[in-house]
Amino acid sequence: MIKFLYILFLLLTFLSCQSEKSMSKYPAHVGDIQFDEKLDDSNFKTCFVNPFSFQYYNFDGFQYKGEKFEIEKKLERLNLKSDKKLNGYVTIRFVVNCEGKTGMFRVQQMDENYKETFFDKRFTNQLLEFTKSLNEWIPKEYLGIKINYYQYLTFKIKDGKISEILP
């Protein structure tokens, strides 16, 4: 009888642990972007479903043809300005797939003290559209396998104007 109760206890413990794992609401890696049908283009495809966590910093240099200088030249031609004379940062994070195409864009806005804030919607939409228009991202491989990777651009805003692109 004691053996039966012990086995029953172990079985229940094991099953409860398994149900917690399958119900996790957290991504496999901090910062993973999950596909959202309300935000993301259904035509954008990643090369692997799960998991991928390569980041822009896993590679040497900036992963854009012409590097950051080329992005800065393209942005300068647009002369974007916010209606609000705020200071802070607009970060746009996204995925570059194994073909060099981009998708799954996420926007974060913060003031110069890194607290959440909001610039005017027109301005952030222009930054997002600009970032989406960049189409010369360099596809990457790891151990001979084509991979996806996360990339981001942070636009530093001073008095409502872009003063710098980070990283």
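Just so it is clear, the model here is predicted, and its values are computed rather than measured. Sequence positions, counted from 1, serve as the residue numbers for this chain.
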Nearest-0.5 Å distance that lies between atom [atom1] in [X] and atom [atom2] in [Y]:
X      : Y      : atom1 : atom2 : result
Gln109 : Phe123 : CD    : CZ    : 9.0 Å
Ile165 : Phe155 : CD1   : CZ    : 5.0 Å
Leu78  : Ser133 : CG    : OG    : 7.5 Å
Leu153 : Leu128 : CG    : CG    : 11.0 Å
Lys68  : Gln63  : NZ    : CD    : 14.0 Å
Leu134 : Thr102 : CG    : OG1   : 7.5 Å

Practice task
May I ask you to check whether over 12 heavy atoms, not counting those of Lys65, lie within 6.0 Å of atom NZ?
Solution key: no

Exercise for the section: Please step through side-chain contact (heavy atoms from CB on, under 4.5 Å) for the pair Phe130 and Ile71, ending with a clear verdict. Expected result: CA-CA 10 Å; Phe130 168 75; Ile71 294 173; 4.0 Å; yes

Exercise for the section: Give a yes or no answer on whether the side chain of Asn113 reaches the backbone of Lys115 with a donor-acceptor pair at less than 3.5 Å. Expected result: no

Handout entry: Under 3.5 Å: donor-acceptor pair, side chain of Asp111, backbone of Gly88
Key = no

Problem - Ion pair Lys74/Glu136, N-O distance below 4.0 Å - result: yes

Problem - Cationic N near anionic O, under 4.0 Å, Lys73 to Glu76 - result: no

Problem - Close side-chain approach of Phe105 and Arg93, heavy atoms under 4.5 Å - result: no

Fill in the blank from the handout: Tested for side-chain contact (heavy atoms from CB on, under 4.5 Å) against Leu80, the lone hit among Arg122, Lys161, Gln126 is Gln126

If you compare all heavy atoms of [X] against all heavy atoms of [Y], which two are closest, and at what distance to 0.1 Å?
X      : Y      : answer
Glu112 : Asn87  : OE1-CB, 2.9 Å
Thr131 : Phe94  : CG2-CE2, 3.6 Å
Leu127 : Ile162 : CD2-CD1, 3.5 Å
Cys47  : Asn148 : N-OD1, 3.0 Å
Val107 : Ile92  : CG2-CG1, 4.1 Å
Cys98  : Pro139 : O-CB, 3.2 Å

Fill in the blank from the handout: Note: with side-chain heavy atoms under 4.5 Å as the link, the other cluster members for Tyr89 come out as Met110, Tyr114, Leu166

Exercise for the section: Would you check, one step at a time, whether the test side-chain contact (heavy atoms from CB on, under 4.5 Å) holds for Ile138 with Tyr64? Expected result: CA-CA 6 Å; Ile138 300 169; Tyr64 192 80; 5.8 Å; no

